[in-house]
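Only one structure is covered here, and it is reproduced in the block below.
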Amino acid sequence: MTNKQNTIVFIIVGTIVSVILTILIGGALVLLSLLIFKNNQEGFMIAFAISLIASMFLSMLVYQKLVIWVINKFKLGDKLDPLFVRKQKKK
């Protein structure tokens with residue numbers, strides 16, 4: 001496979017992982033807000049909205065760290081297009 005094909009596969013798998021992370025983190029935050037505001041419906045609605053926004057933000061942060069870790073762990077730097085990998089200058 002070429003570097004472009006490897007990059008496309010990496011992006012597709014990464015997108016699936018990102019969606020799963022968003023669902024898991026969002027579910028955990030919504031469950032937490034439900035437990036905290038079980039008797040206060042207005043408080044829960046505000047916490048629900050904040051939980052959804054926070055889950056998207058947190059999943060992006062986790063995804064970014066995960067991509068860097070996977071590239072370094074499996075030495076994918078030379079197998080992907082420079083979309084994710086920074087080319088190091090030779091001295």
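In what follows, every heavy atom counts, from backbone to side chain, and hydrogens, waters and symmetry copies are set aside.
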What pairs with K79 under salt bridge (Lys or Arg N to Asp or Glu O under 4.0 Å), at least two apart in sequence or on another chain? none
Which residue pairs pass the salt bridge (Lys or Arg N to Asp or Glu O under 4.0 Å) test when at least one of the two sits in [range], sequence neighbours left out?
range: residues 10-28; result: none
range: residues 31-56; result: none
range: residues 3-31; result: K4-D81
range: residues 21-33; result: none

For V62 versus I25, what's the shortest heavy-atom pair and its separation? CG2-CD1, 4.4 Å
Under the side-chain contact (heavy atoms from CB on, under 4.5 Å) rule, collect the residues that match up with [X], sequence neighbours excluded.
X: I20; value: I16, L24
X: T22; value: S18, S55, M56, S59
X: V9; value: M1, V13

For residues 65-75, which side-chain donor-acceptor pairs fall under 3.5 Å, sequence neighbours excluded?
{"residue": "N72", "atom": "ND2", "partner": "I68", "partner atom": "O", "Å": "3.3"}

How about CD on Q41, more than 12 heavy atoms from neighbouring residues, nucleotides or ligands closer than 6.0 Å, or not? no
Run through the side-chain heavy atoms of Ile, Leu, Val, Met, Phe, Trp and Tyr, join any pair under 4.5 Å, and report what else lands in [X]'s cluster.
X: I23; result: V19
X: I50; result: I46
X: L34; result: V30, L32, I36, F37, F44, M45, F48, L52

Shared hydrophobic cluster for L76 and V17 (ILVMFWY, side-chain gaps under 4.5 Å): yes
